[in-house]
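Throughout, a chain's letter reflects where its sequence line sits, starting with A, and its residues are numbered from 1.
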Amino acid sequence: MFVQVSEADFSQQTLYDQLLAQCDKPAGAIVTFTGLVRDFNAQGPIDGLELEHYPGMTENALLQLVEQAVSRFSLANAAAVHRIGRLANHDQIVWVGCAATHRHHAFEGACFIMDTLKQAVPLWKKEYQHGAAQWVEPKASDDQAAMAWLKKIQ
Amino acid sequence: MFVQVSEADFSQQTLYDQLLAQCDKPAGAIVTFTGLVRDFNAQGPIDGLELEHYPGMTENALLQLVEQAVSRFSLANAAAVHRIGRLANHDQIVWVGCAATHRHHAFEGACFIMDTLKQAVPLWKKEYQHGAAQWVEPKASDDQAAMAWLKKIQ
Amino acid sequence: MITVKTFAQVRELSGCGQLQVPFEAGLDVASLILRLQQQSPAWHDALEGTVLCAVNQTLCDSSALLNENDEVAFFPPVTGG
Amino acid sequence: MITVKTFAQVRELSGCGQLQVPFEAGLDVASLILRLQQQSPAWHDALEGTVLCAVNQTLCDSSALLNENDEVAFFPPVTGG
């Protein structure tokens, strides 16, 4: 298991290889999720964003989610990477990888980490638009997705 | 959209980049699935496998699934790659990638392609064990997973 | 003529990966199977049990009517992925 | 002493990213919020509405009791991912 919180960009191949190399049992299925900076919001085109975070807690919260995913879905490994600081449109912003024996566990693990990350990891987006920057409001659909995992029988 | 059926190994980074470059609308979420050759079956350790396919129909069937996924889940792009021929334990065997505006669509698209691929694409695995090779039996759980997509309201 | 192709267990059991059979009006998949099964015990065994059929590379059931120059494939349930 | 940290809108509205406040026995998150809000209109506004709280980097509700040297953070609902 590993987490990274950094201003630096990341490589798909490097993260995939690292996830696979550190599996604690043979993995037959690997699911990755990558999030990119969108170039628009409800008000129109945006010009990138800035990500603030809570140093220390961000890493701990990500690691907790990754550990929960591994135990809840019997994963062979899981990892989460999040960038912070100033990002341009279409930049990579978040990466999650899950390795498992069974493919549905790998899908569920990655989906679980993304859904809960959006509610439990101290990161905040500020979008640049028309020269000004505005904090992003949380989406109700994200709250509902995270809540759904709490309701499912473990 | 693209599909590949080949004996050659594939690169995570190359396929990811190709998927993203060919998106027909901005994508904020990319999900990839990779399947690896397992090193065991119910009878014990295996020594790789051989994949037979129906040349022509394999490519067409994969492309149909990819097209269905794009239209059913409003994807920005989707792709599927499958290897054939002799593969060693832990080799990469299948890759599916889906790009979408919304992350749950990307997850569903990749899961749909994998579930239906296991029922509708003419590929057959033969596992090597103790010097002999044996055809793999379809799993009932794979049938159920594919059937579930038929039942869901589109 | 109809081109018949076989794959995996069906190919191994029949001992034949591809053959041509004469087309006749009204021929459907079911009667093609019957005709092949009468040809030899090997073909009989190869087409017993759960065998899928594709006509011109599209999955069909055994009531599908055939046309001159069709490609008909027989194979077991698939196991890719 | 208690270390108070703020992030995002809470940091901008309060005008203060970090400060120390004296610890006293029985202090809980709710009374810390009250004490900060009485300090200035800026702090009052910063801690109004939906504000999350973490004590020693774990999310807590406002009834959580504090201890000497605790780190208490206030921030809006998160928007990463």
**Prompt:** Could you walk me through whether A/R38 and A/D91 pass the salt bridge (Lys or Arg N to Asp or Glu O under 4.0 Å) check?
**Reply:** CA-CA 8 Å; A/R38 301 214 184 134; A/D91 273 359; over 6 Å; no
**Prompt:** Of the options B/K126, B/H82, B/R86, which is the one that meets B/L51 in a side chain to side chain contact (heavy atoms under 4.5 Å, CB included)?
**Reply:** B/H82
**Item:** Which atoms of B/D115 approach chain A - backbone, side chain, both or neither, heavy atom under 4.5 Å
**Value:** both
**Request:** Below 4.5 Å from any heavy atom of chain B, which atoms of A/T101 appear? Answer side chain, backbone, both or neither.
**Result:** both
**Message:** What I want to check is whether the side chains of B/N41 and B/Q129 have a donor and an acceptor closer together than 3.5 Å.
**Reply:** yes
**Message:** Run A/F107 and B/F107 through ring pair (Phe, Tyr, Trp, His ring centres under 6.0 Å) and show every step you take.
**Reply:** CA-CA 7 Å; A/F107 275 114; B/F107 275 114; 7.1 Å; no
**Request:** Check whether B/F33 gets within reach of chain A through its side chain, its backbone, both or neither, counting any heavy atom under 4.5 Å.
**Result:** both
**Message:** Could you check whether any side-chain heavy atom of A/F2 comes within less than 4.5 Å of a side-chain heavy atom of A/V66, counting everything from C-beta outward?
**Reply:** no
**Request:** Go through the atoms of A/A106 and report whether side chain, backbone, both or neither lie under 4.5 Å from a heavy atom of chain B.
**Result:** neither
**Fill in**
Given B/M114, B/H104, B/Q12, the one with more heavy-atom pairs under 4.5 angstrom with chain A than any other is B/Q12
**Request:** Would you mind checking which part of A/I93 comes under 4.5 Å of any heavy atom in chain B, side chain (CB onward), backbone (N, CA, C, O), both or neither?
**Result:** neither
**Prompt:** Is it the backbone or the side chain of A/E108 that comes under 4.5 Å from a heavy atom of chain B, or both, or neither?
**Reply:** neither
**Item:** Pairs of heavy atoms under 4.5 Å with chain B: top-ranked of A/Q13, A/H90, A/R103
**Value:** A/R103
**Request:** Could you tell me whether the side chains of B/D47 and B/H130 share a donor-acceptor contact shorter than 3.5 Å?
**Result:** no
**Fill in**
Answer key: most heavy-atom pairs under 4.5 Å with chain B among A/A145, A/A99, A/C98, A/C111 is A/C111
**Message:** Quick check on A/S141 against chain B: is it the side chain, the backbone, both or neither that has a heavy atom closer than 4.5 Å?
**Reply:** neither
**Prompt:** If you measure only the distance, is there a donor-acceptor pair under 3.5 Å linking the side chains of B/Q119 and B/D143?
**Reply:** yes
